[in-house]
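Order of appearance sets the numbers: ligands from 1, and atoms from 1 within every ligand.
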Amino acid sequence: MKETELNKIYEECKNCTACPLHQSRTNVVFGKGNPDAKILFIGEAPGQHEDEMGLPFVGASGKLLDKYLDAVDLSLDDVYIANILKCRPPNNRDPKEDEEQACIGFLRQQLEIIRPKIIVCLGRIAAYKIIKPDFKITQDHGKWFKKSDYLMTAVYHPSALLRDPRKRDDMMADFIAIKDKLAELLK
Ligand code: URA
């Protein structure tokens, strides 16, 4: 069962000391949602609230993400949400290359177990790591990319919308397109 397989990796992740971020974490933030989901959302790294609770996207940007999911009639039963880094970088700084390298194996294993149809990167950091290194979030958000078995896209990081509410219409359009793409794939 996918849940059992994910739990095995979660246990490994909890004991991970592969990069210095383990020293300052309160909890590893492994993932949440449905292991059978057809859509996998990938964020950047846990923030303070996520570190405290051990769950991704539970702070202000998580609440905004919930609103967009809700607006297109998706819930945690339909999606799985994880991050590139499983431990919080101090003061929410950007992940470092060696931290990403040390951590990305967990995400790869999650992907292989969940095997979603669609991957949605939340923000530029996930997009350049997962989709392509020259990804430009302002011009490339909402575009579709096919990589191995997966259809991938990226949307703005919810925290970018908190800073600049003018991006909210684009975000809504991207979420509607994601929902439409899912319906098309499941036909
Ligand atoms: N931002 C992220 O990228 N991930 C989280 O889990 C929370 C905020």
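When only non-hydrogen protein atoms are considered, atom 4 (N) of ligand 1 lies nearest to N83 OD1, 2.8 Å.
Checked against a 6.0 Å centroid threshold, the rings of Y68 and F41 do not count as neighbours.
Not one N or O of G47 is nearer than 3.5 Å to an N or O of ligand 1, by distance alone. Considering both main-chain and side-chain atoms, H157 comes within under 3.5 Å of ligand 1 through a nitrogen or oxygen pair.
Not a single heavy atom of L122 sits less than 4.0 Å from an atom of ligand 1.
At a threshold of 4.5 Å between side-chain heavy atoms, the hydrophobic network of Ile, Leu, Val, Met, Phe, Trp and Tyr places L55 and L6 in two separate groups. A single hydrophobic cluster is not seen to contain both M53 and F30; linkage of ILVMFWY side chains at heavy-atom distances under 4.5 Å, directly or through other members, places them apart.
Between A71 and M172 the shortest heavy-atom distance is CB-CE, 3.6 Å.
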* Asked: Where do K14 and E11 land on the salt bridge (charged side-chain N to carboxylate O under 4.0 Å, His left out) test, with the steps shown first?
  -> CA-CA 5 Å; K14 282 184 195 164; E11 289 306 314; 3.1 Å; yes

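Close approach of ligand 1 to P56 (heavy-atom distance below 4.0 Å) involves ligand atoms 6 (O). Residue contact check: S61 has heavy atoms under 4.0 Å from atoms 8 (C) of ligand 1.
Selection from A45, P158, G43 by nearest heavy atom to atom 5 (C) of ligand 1 gives A45.
Looking only at distances, no side-chain donor or acceptor of K96 sits under 3.5 Å from a matching main-chain atom of P89.
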